[in-house]
Trainee: 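Before anything else, here's the structure in question.
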Amino acid sequence: MGVLMDSNSRVVVQGFGGAGQREAKTSLAYGTQVVCGVTPGRGGQVIEGVPVLNTVREAVEQHGANVSLIFVPAPFAADAILEAADAEIPTAICITEGIPVLDMMRVKRALSTKVTRLIGPNCPGVINPAEQARAGIMPVDVYLPGNVGVISRSGTLVYEAVDQLTRLGIGQSGSVGVGGDPIIGTSQREALELFEADPDTAAVVLIGEIGGTAEQEAAEYVKQMSKPVVAFIGGATAPPGRRMGHAGAIIAGPAGTAAAKQQALREAGAEVVENPGEIGTTMQRVLKERGLA
Amino acid sequence: MGVLMDSNSRVVVQGFGGAGQREAKTSLAYGTQVVCGVTPGRGGQVIEGVPVLNTVREAVEQHGANVSLIFVPAPFAADAILEAADAEIPTAICITEGIPVLDMMRVKRALSTKVTRLIGPNCPGVINPAEQARAGIMPVDVYLPGNVGVISRSGTLVYEAVDQLTRLGIGQSGSVGVGGDPIIGTSQREALELFEADPDTAAVVLIGEIGGTAEQEAAEYVKQMSKPVVAFIGGATAPPGRRMGHAGAIIAGPAGTAAAKQQALREAGAEVVENPGEIGTTMQRVLKERGLA
Amino acid sequence: MKLHEYQAKEVLARFGVPVPRGRVARTPDEAEAIAKELGGRVVVKAQAHTGARGKAGGVKLAADPAEAKAHAANIIGMTLVTHQTGPQGLPVSSVLVEEAIDIEREIYLSVAIDNSPGMPVIIASAQGGMDIEEVAANTPDAIHKTWIDPACGFQPFQGRQLAFAVGLDGEHLNPASTLIGNLAKSFLDSDGSIVEINPLVVTKDGRLLAADAKFSIDESAEFRQQALAEQRDRSQEAEKELEAHDAGIQNYIKLDGNIGCLVNGAGLAMATLDAIKFAGGDAANFLDIGTANNPEAVVSALKIIGSDPDVKAVLINIFGGLARTDIIAEGAVQAINQGLVKQPVVVRLAGTNVEIGKQVLDDAGLDLGRADGFAEAARMAVEAAQNAKNAQNTQ
Amino acid sequence: MKLHEYQAKEVLARFGVPVPRGRVARTPDEAEAIAKELGGRVVVKAQAHTGARGKAGGVKLAADPAEAKAHAANIIGMTLVTHQTGPQGLPVSSVLVEEAIDIEREIYLSVAIDNSPGMPVIIASAQGGMDIEEVAANTPDAIHKTWIDPACGFQPFQGRQLAFAVGLDGEHLNPASTLIGNLAKSFLDSDGSIVEINPLVVTKDGRLLAADAKFSIDESAEFRQQALAEQRDRSQEAEKELEAHDAGIQNYIKLDGNIGCLVNGAGLAMATLDAIKFAGGDAANFLDIGTANNPEAVVSALKIIGSDPDVKAVLINIFGGLARTDIIAEGAVQAINQGLVKQPVVVRLAGTNVEIGKQVLDDAGLDLGRADGFAEAARMAVEAAQNAKNAQNTQ
């Protein structure tokens, strides 16, 4: 079990260039089945022992790929996501950042009637440490198998939270980086639903950010969760009105402030951490209090 | 009960011009609640006792409209359907013919994530004789309350089938004209599902046509139906390759022939009538055989 | 509405689909001049709304401008008869003069509406130059399809997928993918109902060219496709069908039988052909009067039917919904009184205002066959036609 | 990327949104000439990327061309200081000279991306000319919204709905609906991130005009919006931020504190500001080095940070994923060895290649603060800044 990735995951890498090849190598060494790469026009090559194909359909038909990890450059990334959806890949994970927002608008609408779940874009990917299943760019050394799920808009904050947990001896059932762009495939709320349904997960770290209302929507779901949630909202001290890297991270209206998000999460029953250095210790306390450690 | 229309149906007429007003009058006289018309810019008028509004949202908010009957001219009809969907009208029935196919393509895709069910376009509408609920252009005199549902691509063939039934003393639970255009909101198969689920319906007349594969898709569902189906396919003797009015009625490939459709329906367990003059008598026999008369 | 090959190619070229160099000529001299411009071997192709033009002598290879002129002189003015045109054939008033192409491979490519998903479908096959329905029937695996989702529009991967599927890889991959995307755009922007390139050729010198092309426009969208609608060539359509079109009649199609039909609604009109067949007869036409609620349209329709020398009897089969039977009856009475229909007439009226409609017929005092049922009306019409034919034969 | 008002209006006009007659002027003489052309009273408006220009003296009414010239002479070259610009203000190098409008009513109209449904939203309010966030907070019912579904695109009913909602009925209904549709089209075709007309005015003579307009373009889409991207006015952006942009650094924003930050990832970079605050300090900047895997980008970033006179200490906080900590470490060592950073530096490395990264730092033999934990690193940086400040104060 686990969320989105497990030992049955068979990963195809779309956009099998430098970054794609490097991360495929890391995943293979970790124990993940990276079954092929797709670079149109390069079909037939074998790179680092990984066969390269022309289309995602071939990856599904010839190698049983069921997870696509996308590194295709931003101007062509929407097309790559839609190719994965056309091939009915169950999970497509898009690392690419800088995809035009209107492209993602079209992708999201097209996916509304497809089987494919999209994670990202502009995300670090998904990992399941217990089953050594990794589709992403996260450093593997910081992960420890365990029962805490980690969700974040930001990649590096996933690593940071995981690192804090691991240093305290708290393992992870998995992490899902939902991505920092305005329009993403899977929301924080939907990621919470996945961990709530996962028998290997006992508690969840949710890392949000200023801007938008996605954390409030997640808080609505926290109310009905059986598992404890430790939440941190990045950007509490950021000056308003500036775009801080993530397109989401611009405060738009009172709902976009860290205070509003923290309040919504607190009211929903989440444990809200204000100091980003205390995510791990807070989870340690919560697990103890609930008898989950 | 009944299919799509009943005594709780509150009809708004979009495009409240000559035809819309005439049919509204007929429906009102029949006993149907026609609560308002919508003609943008004409809000505030009252025509034949029916208030006219500017938007469908107002029709929902001010008059509790839950069925929209659309007469808006073809170049503007897609917009009218989408306005009904935006107002979350549960059932929109579009009479208009000659809507550009690519407009309907966009409408159908947009409706995929809306609550609104579209009937038509290029259809005669929906009627429930037992509850005097009519949203359409069908002549009311030929209908008789009863337990047979009638489904057809063609309007006049609905009337024809109903007339044959009524002359034999067989009443109807309702009729649904799904429309003769290439892209329609509700397929023959979906209309079958509605009558299968309707407790007031004991048997169904299904009238298809040459062209396309909609009858084969309906036949797939006939296999799992508990109620008997009497089917007729129009155009068996039409010369191939000519467009016979309905855009659908052009034979495209072997699946489009009457023979292929008749075979699919027969194999699915439907009673297939070849002579259009014998639809009523065949249903009479089927009802007797099944003890439903 | 169909476009000529040269018009279709103009549309395709405008959207970036490569076509052979060439132009339309309406005289042999023009053909010669174009051949000179093209500076080499050319093909001279009859412009008519039919396939299989080659077998019928409508496509000729010319080695030089003089030969092109000679071919054009033969083709322009000819009547092209193919299995698609029927025995009457189609007039040819122009030729397309194009560079002759050295063909390496032929591919099939088209875009049409797929009703069930409600989306345009792009179809490709490596078996170009053949009848695609035959290919589909015999080797379905040789047909490759992809659907254009209006939520995101055509995507480049779809072009690559089809290009790989039909073997256009390597140096052809990018041009083929782009070509397929441009073809899709031409279809969407022009409100196409079908656009077909058959064959798309790979030339010996490595180019991709749309060697033949068909383009049909959705008639419902003509109001926003004025420029294309103006390219309609009425000479390619049957005279009576045009006449019906101009009179505002929904749909009229000439058929082979002897019973003229006036019906409202396409479904009932088709079923009427079926009922006539069941009664042992054959319809002379398909005519859907639609919801035209004025007697004049009925008069026009009966004039077209009545003047058809094949028609031995007329069946008016009306089930009023939006259409009012009384108005149809009025029109019928006017047409008969004006002497536009001399053949025996059977009338069956039902639905909206049927009692008034019947009264109109009663009041007119005409010698009409009258029926209430559908099958009965068909039987009476077949009988009337048979009697008229017998009477004629004995004269 | 923001456009100037005059550029925004050019885009709007191209899509059929009516704007006042007028043009941009870069000299007082040009302003005078334009005012003459317009033949009457004009408004002279400073072109700078800020609102509230009127209060700051950036918008003036002129009764005649001479007065327009005088106003332009005052405005061009000024530094416009508003609550949006900060105390440093923005330089003004051009003015928009427009016909003066007699205003009957003011409407608010905008298009932006609504993240949650993932669709553009069109927002309208009858309370134009005001801060829309205030209107939304105080009278939410006065805000009307409609979303553009990419599956079918903007539909005319949406324009009508908003027009009725803000009271643009009667003679204004059709022009307003059309204007809203054109505004939506301008947003979609230009890859807008926000377009705002505030106010849209109804003039006393019954016209609808976009009296003021803001237009921002999605920077991720600049590759396909070349013509708009070229309109970027770099004078409106902070110098160091431009320098960072040119050095290929993901994102750099100057802040008010004294701890320079170099972080990878926007989320971690924001959290680093938070951690510094928790440790009792304030960041001098936000800097996301992104996944730039070359020492040169790190050198450039540290040069920008090191040369900031406000910076008393530097915190390098890297959690390597795609970014490699060893490369960051190399860049840091180079920058310090080149003397680009004279301030005390605290480094925290974790993630990809962390052992190699730490070795690089060890080998360099520099005097660096080193931390493994995030909070610890922030504490050390705050302490270093405090010490540096104290040392400075005692000098």
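Chain A is the first sequence line, chain B the second, and so forth, proteins listed ahead of strands; every chain is numbered from 1.
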Trainee: Please look at A:I207 and chain D and tell me whether the side chain, the backbone, both or neither of the residue comes under 4.5 angstrom of a heavy atom of that chain.
Mentor: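 Contact with chain D is absent: no heavy atom of A:I207 under 4.5 Å.
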Trainee: Picking from A:I99, A:T213, A:T26, which has the most non-hydrogen pairs under 4.5 angstrom with chain D?
Mentor: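 Among A:I99, A:T213, A:T26, the one with the most close pairs to chain D is A:I99.
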Trainee: Heavy-atom count around D:K185 NZ within 6.0 Å, excluding the residue itself: above 12?
Mentor: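 Atom NZ in D:K185 is not packed in, count stays at 12 or less.
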Trainee: More than 12 heavy atoms of other residues, nucleotides or ligands under 6.0 Å from CZ of D:F278: is that the case?
Mentor: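 Check passes, neighbour count above 12.
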Trainee: So which residue, D:D256, D:I132, D:D114, D:L188, ends up with the most heavy-atom pairs under 4.5 Å with chain A?
Mentor: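 Among the listed options, the one with the most contacts to chain A is D:L188.
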Trainee: Tell me whether D:K277 is salt-bridged to D:D282, with the criterion being a basic N under 4.0 Å from an acidic carboxylate O.
Mentor: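 The answer is yes: the pair qualifies as a salt bridge.
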Trainee: Contact part of D:R379 toward chain A, heavy-atom cut-off under 4.5 Å: side chain, backbone, both or neither?
Mentor: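 When you check distances to chain A, no heavy atom of D:R379 falls under 4.5 Å.
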Trainee: Quick check for you: among D:V354, D:N264, D:T272, which has the greatest number of heavy-atom pairs under 4.5 Å with chain A?
Mentor: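 Of D:V354, D:N264, D:T272, D:N264 has the most heavy-atom pairs under 4.5 Å with chain A.
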Trainee: Using non-hydrogen atoms and a 4.5 Å limit, figure out which bit of D:I113 sits close to chain A: side chain, backbone, both or neither.
Mentor: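 It is the side chain, since no backbone atom gets that close.
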Trainee: I'd like to verify something: which residue of D:A275, D:G373, D:A137, D:A375 has the highest number of heavy-atom pairs under 4.5 Å with chain A?
Mentor: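 The candidate making the most pairs under 4.5 Å is D:A275.
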Trainee: Under the criterion side-chain hydrogen bond (donor to acceptor under 3.5 Å, both in side chains), which of D:D191, D:D218, D:D189 is the partner of D:Q225?
Mentor: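 It is D:D191, the one option of D:D191, D:D218, D:D189 that forms the side-chain hydrogen bond (donor to acceptor under 3.5 Å, both in side chains) with D:Q225.
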Trainee: Walk me through it: do A:E220 and A:Q216 pass the test side chain to side chain donor-acceptor pair (under 3.5 Å)?
Mentor: CA-CA 6 Å; A:E220 277 306 301; A:Q216 279 87 341; over 6 Å; no
Trainee: Which bit of A:I233 is near chain D, if near means a heavy-atom gap under 4.5 Å: side chain, backbone, both or neither?
Mentor: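 When you check distances to chain D, only backbone atoms of A:I233 fall under 4.5 Å.
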Trainee: Give a yes or no on whether a salt bridge exists between D:R224 and A:D103, defined as a side-chain N under 4.0 angstrom from a carboxylate O.
Mentor: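 Yes, this pair counts.
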Trainee: Which region of A:E274, side chain (C-beta onward) or backbone (N, CA, C, O), has a non-hydrogen atom less than 4.5 Å from a non-hydrogen atom of chain D, or is it both or neither?
Mentor: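 Both parts, backbone and side chain.
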Trainee: Check whether A:A74 gets within reach of chain D through its side chain, its backbone, both or neither, counting any heavy atom under 4.5 Å.
Mentor: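 Interface part for A:A74: neither.
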Trainee: What are the two closest non-hydrogen atoms of D:V346 and D:A377, and how far apart are they?
Mentor: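 Between these two residues, the closest heavy atoms are CG1-O, 3.8 Å.
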Trainee: Any donor-acceptor pair under 3.5 Å linking the side-chain atoms of A:T166 with those of A:Q172?
Mentor: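 Looking only at side-chain atoms, A:T166 and A:Q172 do form a donor-acceptor pair, the distance falling under 3.5 Å.
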Trainee: Using non-hydrogen atoms only, which part of A:P124 is less than 4.5 Å away from chain D: side chain, backbone, both, or neither?
Mentor: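 Looking at A:P124, nothing touches chain D.
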Trainee: Counting only heavy atoms not in D:K240, do more than 12 fall under 6.0 Å of its NZ?
Mentor: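 Check passes, neighbour count above 12.
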Trainee: Does any heavy atom of chain D fall under 4.5 Å from the side chain of A:N275, the backbone, both, or neither of them?
Mentor: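 Both backbone and side chain of A:N275 come within 4.5 Å of chain D.
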Trainee: Picking from D:A271, D:A283, D:A221, D:A151, which has the most non-hydrogen pairs under 4.5 angstrom with chain A?
Mentor: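 Of the candidates given, the most pairs with chain A belong to D:A271.
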